[in-house]
Amino acid sequence: MTETFQFKLLATDGKARRGEVSMPRGTIRTPAFMPVGTVGTVKAMYLDQVRELGADIILGNTYHLMLRPGAERVARLGGLHNFIRWDRPILTDSGGFQVMSLSSLRKLNEQGVTFKSHVDGALYHMSPERSIEIQGLLDSDIQMQLDECVALPAEPNEIERAMEMSLRWAERCKAAFGDQPGKAMFGIVQGGDIPKLRERSALALRDLDLKGYAVGGLAVGEPQEVMLDMLDVTCPALPAEKPRYLMGVGTPDDILKSVAHGIDMFDCVMPTRSGRHGLAFTRYGRINLRNARHAEDTRPLDEQSTCPATRDYSRAYLHHLIRSNESLGGMLLSWNNLAYYQELMAGIRKAIEEGRYADFMAETQENWKRGDL
Ligand SMILES: CO[C@@H]1O[C@H](CNc2nc3cc4c(=O)[nH]c(N)nc4cc3[nH]2)[C@@H](O)[C@H]1O
């Protein structure tokens, strides 16, 4: 832990990076997977479990928390860490993406976004400055700039307009954030699937000398190779000594490949959301517990796992819980899936340290093909 925000590169293997982010509330081992705690909870999990599985940091969301319980209320209650009982770092997204994907957007212009809440229909206006103010009220450790994420496919001039405005919003967010040594404000690279716009966005954000950089505008339904092609353009244009965070990514395969393209931090609802719907991630690939073929299978998901959800419960029981829509089904599979994601990240970090990341990637992908033994 340090009084300031520091990123150290500990080892590299090709473009893969093993690093460490140090902050007053704790150290983040990278490459890192950040469980998503959108409305102040990693759904169906106790945060003690989330920590025990190896998470050094979790995500919160400005959009959801400003609507309910309200940013000023969270501040009155002592900030998000006290409210949810998580004393390690929290990264908050700025709200722009969620406004586009969740609310009925009324207006988007240079000043910011005006939208109606998906909770109660109330009208809100959020400027870049208000987004940073909200993240401050939440006492967020890593705050994201407000940006405009354009859904793909999109017209090039639309992608350019949104990217340029996001750059201007980055400057406004930097000014609003000011100088907070123990915290960080990350810029977000936009530019859609257009290499020259991606490079322009990354180089312009680099000139702002921010503490870290996110790659946005991806994981919005584009093919994996398009995502990876954009990383090939974006990562080299970002400073090597700052952390890189790929927003909303992804499947285990997305993560393996994005690490090989130079990404340090990830977040995704996949392990928890798909767990609630019956999907289990294991060393040998995915298992859909809704499928009737599990109805009398007495084996656990993986008897060699140290995670009780993975080692101690039969597939038959998990199938029954999911089919019965019982809460315990989503709880056990969220637990299994987050355990698997953190085990994967630990394996990734070790493989980079030992200079064998290419072999680790190949072995891991080979094991996934073994399927549901
Ligand atoms: C395709 O699956 C859906 O999409 C989400 C994951 N994909 C994703 N891409 C993102 C991009 C941005 C961005 O450009 N800017 C900001 N501020 N935040 C972002 C957050 C993002 N999350 C899941 O929620 C899932 O519902």
Side-chain angles (χ1 to χ4, degrees), residues 1-2 5-23 26-35 50-58 88-89 91 142 212-215 224-225 227-228 231-232 234-236 238-246 249-268 270-271 281-286 301-307 310-311 336-371 373:
M1 285 187 218
T2 57
F5 177 96
Q6 291 174 14
F7 178 61
K8 269 199 318 260
L9 262 188
L10 303 175
T12 58
D13 184 353
K15 292 180 185 173
R17 298 143 47 101
R18 168 75 172 90
E20 206 165 75
V21 175
S22 300
M23 307 185 74
T27 299
I28 302 154
R29 297 161 289 178
T30 67
F33 180 78
M34 306 183 283
V50 171
R51 174 60 190 154
E52 275 159 33
L53 295 177
D56 294 331
I57 177 171
I58 62 170
R88 289 182 172 271
L91 182 151
I142 300 179
Y213 295 91
V215 183
Q224 185 189 68
E225 72 261 23
M227 180 180 81
L228 297 175
L231 297 186
D232 277 342
T234 306
C235 289
L238 291 172
E241 73 282 2
K242 304 286 180 72
R244 301 158 185 170
Y245 160 33
L246 179 53
V249 174
T251 66
D253 191 53
D254 290 336
I255 290 172
L256 267 191
K257 289 174 179 161
S258 300
V259 165
H261 282 70
I263 297 294
D264 306 304
M265 298 164 71
F266 299 90
D267 90 273
C268 192
M270 178 76 77
F281 288 93
T282 76
R283 285 182 295 153
Y284 300 130
R286 302 169 180 209
L301 290 172
D302 182 348
E303 61 194 11
Q304 288 165 28
S305 171
T306 56
C307 172
T310 313
R311 184 196 55 216
N336 169 77
N337 291 352
L338 283 178
Y340 177 69
Y341 265 64
Q342 293 300 348
E343 180 191 316
L344 177 67
M345 299 320 292
I348 286 171
R349 294 191 291 264
K350 191 163 183 296
I352 298 170
E353 286 164 13
E354 296 171 357
R356 54 179 181 78
Y357 188 66
D359 290 345
F360 174 81
M361 235 175 105
E363 284 155 27
T364 304
Q365 290 168 324
E366 199 52 38
N367 280 335
W368 288 336
K369 289 183 194 145
R370 284 176 55 177
L373 294 182

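Thr310 has its side chain out of reach of Thr282: every pair of non-hydrogen atoms, C-beta onward, lies at least 4.5 Å apart. Side-chain contact check for Pro35 versus Gln342: some heavy-atom pair is nearer than 4.5 Å. A heavy-atom distance below 4.5 Å is not found between the side chains of Asp56 and Thr27. Residues Arg286 and Thr251 meet the side-chain proximity criterion, which asks for heavy atoms closer than 4.5 Å. The side-chain heavy atoms of Asp302 and Tyr340, taken from C-beta on, include no pair separated by under 4.5 Å. Residues Ile352 and Pro31 have side chains in contact (heavy-atom distance under 4.5 Å, counting atoms from C-beta outward). Here the side chains of Gln365 and Lys257 are in contact, with some heavy-atom distance below 4.5 Å. With a 4.5 Å cut-off on side-chain heavy atoms, Phe5 and Ile142 count as touching.
Here Arg88 contributes atom CZ and Met23 contributes atom CE; the two are 12.5 Å apart, rounded to the nearest 0.5 Å. Put simply, CZ on Phe360 and CZ on Arg349 are 10.5 Å apart, with the number rounded to the nearest 0.5 Å. Here Ile263 contributes atom CD1 and Ile255 contributes atom CD1; the two are 11.5 Å apart, rounded to the nearest 0.5 Å. Note that the OG1 atom of Thr30 and the CD atom of Glu20 stand 8.0 Å from one another [nearest 0.5 Å]. To the nearest 0.5 Å, the span separating CE on Met265 from CD1 on Ile28 amounts to 5.0 Å. Distance check, rounded to the nearest 0.5 Å: CG of Asp254 to CD of Gln224 gives 5.0 Å.
Asp13 places no side-chain N or O within 3.5 Å of a backbone atom of Glu353 that could act as its donor or acceptor partner. Of the possible donor and acceptor atoms, one in the side chain of Arg17 sits under 3.5 Å from a partner among the backbone N and O of Ala240. Of the possible polar contacts, one joining the Arg244 side chain to the Gly262 backbone as a donor-acceptor pair under 3.5 Å is found.
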Residue pair Ser258, Met227: steps toward the side chain to side chain contact (heavy atoms under 4.5 Å, CB included) verdict: CA-CA 9 Å; Ser258 300; Met227 180 180 81; 3.6 Å; yes

CA sep, side-chain torsions, deciding dist, call: Ile348, Phe33, side chain to side chain contact (heavy atoms under 4.5 Å, CB included): CA-CA 11 Å; Ile348 286 171; Phe33 180 78; over 6 Å; no

Candidate pair Leu91 and Asp267, rule side chain to side chain contact (heavy atoms under 4.5 Å, CB included), full reasoning: CA-CA 10 Å; Leu91 182 151; Asp267 90 273; over 6 Å; no

Derivation and outcome, side chain to side chain contact (heavy atoms under 4.5 Å, CB included), residues Arg29 and Arg18: CA-CA 8 Å; Arg29 297 161 289 178; Arg18 168 75 172 90; 4.1 Å; yes

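Under 4.0 Å is where a charged nitrogen must lie from a carboxylate oxygen, and between Lys369 and Glu366 at least one such pair does.
When all heavy atoms are compared, the tightest approach of Met34 to Tyr245 is CE-CE1, 3.3 Å. Closest approach of Cys268 to Val249, counting heavy atoms only: CB-C, 3.7 Å.
At most 12 heavy atoms of other shown residues, nucleotides or ligands fall within 6.0 angstrom of atom CD in Glu303.
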